[in-house]
Amino acid sequence: MMEQAQEVAVALARLRQHGYLPAAGVRVGDVERTAEGAGRRVHVIDDGNGGSLLVLGWRGAEPAASPQPPRLARRALTRKETRALIVVYALLNDPRTNRAAVTTAQVLATVELLMARPGNSWVLPALQGSLPRAGLLAVTDGGWCPGPTMHAWDASTRDVMTHAARHLWQHPNWPEIPDA
């Protein structure tokens with residue numbers, strides 16, 4: 001019994017640290033119940049390779065950061081990382097296309113069309129580092145697809161991202177975005 005509790009505690013610790021982990025070998029029901037008791041929610045999503053991933057989220061919308069100590073560590077994105085994420089999200093969810101993934105070249109071309117200057121210095125570090133590390137993007141054949149954390153977004157987060165993407169879709173240069 002003590003071993004089971006330790007396994008669950010280790011799984012939750014790994015979820016808190018990484019945001020997601022493979023479900024294989026994890027006592028999913030026990031982890032879900034324990035997370036629920038702490039006000040968290042464990043989402044089980046398909047990993048795209050025939051397996052499942054566990055993604056740690058909140059029961060409702062993510063609570064606001066507390067100004068009082070002790071503060072929980074947050075994996076906040078910088079402004080430039082957030083911009084890169086919005087561009088990728090807009091490309092993936094463009095209503096005039098049916099993209100399952102986007103390439104780095106598409107993201108860079110989009111940024112250059114929308115901003116009239118290259119974004120290599122901030123897009124590449126976000127695509128190759130912080131966004132995949134946060135589970136927001138995942139590498140796929142030929143580019144980037146939604147990561148486990150993006151798959152587990154709540155409705156309010158999706159609404160905010162769709163609102164931001166809508167602004168990009170309304171940009172006069174958006175129709176020139178390359179499909180491949």
Side-chain angles (χ1 to χ4, degrees), residues 1-78 81-82 84-93 98-104 107 124-165:
M1 191 66 145
M2 189 66 151
E3 276 185 33
Q4 291 175 359
Q6 284 180 322
E7 288 176 26
V8 170
V10 168
L12 278 172
R14 288 178 54 212
L15 276 169
R16 280 195 304 273
Q17 182 179 16
H18 301 290
Y20 62 94
L21 64 101
V26 176
R27 298 174 166 283
V28 176
D30 293 340
V31 171
E32 287 175 324
R33 277 189 293 285
T34 304
E36 187 71 25
R40 302 296 296 264
R41 181 168 177 215
V42 175
H43 305 268
V44 181
I45 63 166
D46 180 24
D47 71 359
N49 295 321
S52 296
L53 292 174
L54 303 181
V55 181
L56 188 62
W58 296 94
R59 258 191 289 193
E62 185 172 335
S66 171
Q68 304 295 325
R71 294 182 201 128
L72 292 174
R74 299 253 180 185
R75 282 175 273 227
L77 298 176
T78 66
E81 292 165 341
T82 302
L85 178 62
I86 292 168
V87 170
V88 172
Y89 183 84
L91 285 167
L92 288 169
N93 293 283
N98 187 21
R99 293 185 183 106
V102 295
T103 66
T104 300
V107 177
L124 292 175
L127 288 178
Q128 296 167 353
S130 55
L131 298 179
R133 241 188 338 270
L136 294 165
L137 297 180
V139 177
T140 188
D141 290 339
W144 303 97
C145 65
T149 302
M150 187 184 289
H151 281 296
W153 276 348
D154 58 26
S156 62
T157 302
R158 284 189 194 286
D159 289 346
V160 167
M161 291 300 291
T162 301
H163 178 74

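We count residues from 1, following the sequence as given. Owing to the predicted nature of the structure, the values given are computational and were not obtained by experimental measurement.
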Quiz item: With side chains defined as the heavy atoms from C-beta onward, is the minimum distance between Arg14 and Val10 less than 4.5 Å?
Solution: yes
Quiz item: Any side-chain heavy atom of Leu136 sitting closer than 4.5 Å to one from Val88?
Solution: no
Quiz item: Is Val55 close to Val42 at the side-chain level, that is, under 4.5 Å between some pair of heavy atoms?
Solution: no
Practice problem: Output the distance between atom OG1 (Thr157) and atom OH (Tyr89), rounded to the nearest 0.5 Å. | Solution: 10.0 Å
Self-check item: Minimal non-hydrogen separation, Ala165 against Ile86, with atom names
Solution: N-CG2, 4.4 Å
Self-check item: Non-hydrogen atoms of Leu85 and Met161 that approach each other most closely
Solution: CG-CE, 3.9 Å
Quiz prompt | Evaluation steps, side chain to side chain contact (heavy atoms under 4.5 Å, CB included), between Leu53 and Leu21 | solution = CA-CA 6 Å; Leu53 292 174; Leu21 64 101; over 6 Å; no
Self-check item: Test item: Thr162 and Asn93 side chains (from C-beta on) under 4.5 Å apart, heavy atoms
Solution: no
Pairs of donor and acceptor atoms involving the side chains of residues 138-150, under 3.5 Å and at least two apart or interchain, shall be tabulated with distances.
unit_1, atom_1, unit_2, atom_2, d
Trp144, NE1, Thr104, OG1, 2.9
Thr149, OG1, Ala134, O, 2.9

Practice problem: Identify the heavy atoms of Arg27 and Glu7 that sit nearest to each other, and give their distance. | Solution: NE-OE1, 3.4 Å
Practice problem: Check Arg158 against Ala152 and note the closest heavy-atom contact, atom names and distance. | Solution: NH2-N, 4.4 Å
Quiz prompt | Pairs where residues 29-38 contributes a residue and the test side chain to side chain donor-acceptor pair (under 3.5 Å) is met, not counting sequence neighbours | solution = Asp30-Arg33, Glu36-Arg59
